[in-house]
There are 2 protein chains.
Amino acid sequence: MSNTRPSDKKQADHFARAREAQSVALLEDYVEMIGDLHEELGEARVADLAQRMGVAQPTATKAIARLKREGLATSRRYRGVFLTETGAALAMRVRARHRTVVAFLVAVGVPEDVAEMDAEGIEHHVSRHTLTAFEDYLANRLAADHRP
Amino acid sequence: MSNTRPSDKKQADHFARAREAQSVALLEDYVEMIGDLHEELGEARVADLAQRMGVAQPTATKAIARLKREGLATSRRYRGVFLTETGAALAMRVRARHRTVVAFLVAVGVPEDVAEMDAEGIEHHVSRHTLTAFEDYLANRLAADHRP
DNA sequence: ACCGAAACATAGCTATGGCTATAATTACTG
DNA sequence: CAGTAATTATAGCCATAGCTATGTTTCGGT
């Protein structure tokens, strides 16, 4: 019967975007983690990366291969992983967004540890628009708290 | 080097949960959509399902096969798809959650259409705990919030 | 300077979720 | 009621993301 309602295409597009977000999510997670490791340990080794991502080491190696293909990272055999400029920029954005999402969730009453957990999945689907709304909420909330 | 900080396992677990959520996400989307179609059209045909999910028809067929394997749906060749009791229950929960997430996003200032879009990805990562926080926020915002 | 252990890479398997092309079945229409 | 159109299923391809097992390379201690 092919019920092509006008809203169908829009809805299909929503799902398409969610799928797209998903395909970027792993890249974002790895890039962020590489940044974290460099800050904390001065380098990002494959083993540490794998451990923190909760995957086996060859899985991390494979992910790094994809990061390199996408121009987000470089690596030297048996030497660890490094972010490109693009990768470092992405890492910064991702970390900022992560912090915002967690802070926002906490602000609306989600316990810290749950917020941290849920944010890991949620953050990748938060658009610029929604992120701004979160930031505004946090700003206003802060102002309200300082009012007697 | 193997820096096994105590927090590593917890963080790894967060990612593991996010991955798990992702693997359930498609099931949830299809189940919800099948429910929608039954309500709107009285039946859920593969073609309509595919169109609304924004995928090719064989992709929908394959997804349905997985739904059947997981005991969420049944189907009769060339006749359409039906939810099992389990599937119908899941569909109800998913739809309620979706509505809550959208309403919540709108309540914190996200435009309707953006909320609808982002919710499609976010909802799958919203834990019971966080969902409750959203519901509470929606219930209380008129009274408590917006104290300018 | 070596040898063993640790770190990393590679090979090769599974499952999922996309796709196109094509076969099979059902439904409609004249 | 026959033939065509629409719908659904199947076959077979690709990429991703996970795994184990095993081969390489580097590092550290004696």
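Chain letters run A, B, ... following the sequence lines, proteins first and then strands; every chain starts at 1.
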Next on the checklist: As a quick check of understanding, evaluate ring-ring contact (aromatic ring centres under 6.0 Å, His included) for A:H124 and B:H125, giving each step before the final call.
Outcome noted: CA-CA 10 Å; A:H124 302 288; B:H125 300 276; 8.0 Å; no
Checklist entry - What's the CD-C1' distance between A:E28 and D:dA17, to the nearest Å? => result 17 Å
Set out, line by line, the N/O atom pairs under 3.5 Å between protein and nucleotides 26-28 of chain D.
none

Checklist entry - Are A:I122 and B:M117 connected in the hydrophobic side-chain network, where two residues link if heavy atoms are under 4.5 Å apart? => result no
Checklist entry - Just how far, in rounded Å, is P of D:dA17 from CG of A:L49? => result 14 Å
Restricting to nitrogen or oxygen on both sides, can you table the protein-nucleotides 18-21 of chain C pairs closer than 3.5 Å?
residue	atom	partner	partner atom	Å
C:dG18	O6	B:K62	NZ	2.6
C:dC19	OP2	B:A56	N	2.7
C:dC19	OP2	B:T59	OG1	2.7

Checklist entry - In whole angstrom, what separates B:Q22's CD from C:dG17's P? => result 9 Å
Next on the checklist: Between A:T100 and A:E135 (side chain of the first, backbone of the second, donor and acceptor by atom type, cut-off under 3.5 Å), is there such a pair?
Outcome noted: no
Checklist entry - Just by distance, do the side chain of A:S23 and the backbone of A:R19 share a donor-acceptor pair under 3.5 Å? => result no
Checklist entry - Passes side chain to side chain contact (heavy atoms under 4.5 Å, CB included), A:L27 versus A:L72? Steps please. => result CA-CA 9 Å; A:L27 295 181; A:L72 297 171; 4.3 Å; yes
Next on the checklist: Does this structure show an ion pair linking A:D13 with A:R17, if we count only N-O contacts that are shorter than 4.0 Å?
Outcome noted: yes
Next on the checklist: Quick one: does any side-chain atom of B:S75 pair with a main-chain N or O of B:G80 as donor and acceptor, under 3.5 Å?
Outcome noted: no
Next on the checklist: Tell me whether the side-chain N/O atoms of A:T61 come closer than 4.0 Å to OP1 or OP2 in C:dC8.
Outcome noted: no
Checklist entry - Are B:F82 and B:I34 connected in the hydrophobic side-chain network, where two residues link if heavy atoms are under 4.5 Å apart? => result no
Next on the checklist: With a 4.0 Å cut-off on N to O distance, would you call A:R97 and A:E28 a salt bridge?
Outcome noted: yes
Checklist entry - Counting only N and O atoms by type, is there a donor-acceptor contact under 3.5 Å from the side chain of B:R99 to the main-chain atoms of B:V94? => result no
Item to check | Nearest-Å distance for atom pair CD/P, residues A:Q51 and D:dG18 | outcome: 16 Å
Next on the checklist: Just so I know, are the side chains of A:H98 and A:E120 near enough to count as touching, which here means a heavy-atom distance under 4.5 Å?
Outcome noted: yes
Item to check | Nucleic acid contacts - residues 64-74 of chain B versus DNA chain C, non-hydrogen atoms under 4.0 Å | outcome: B:R66, B:R69
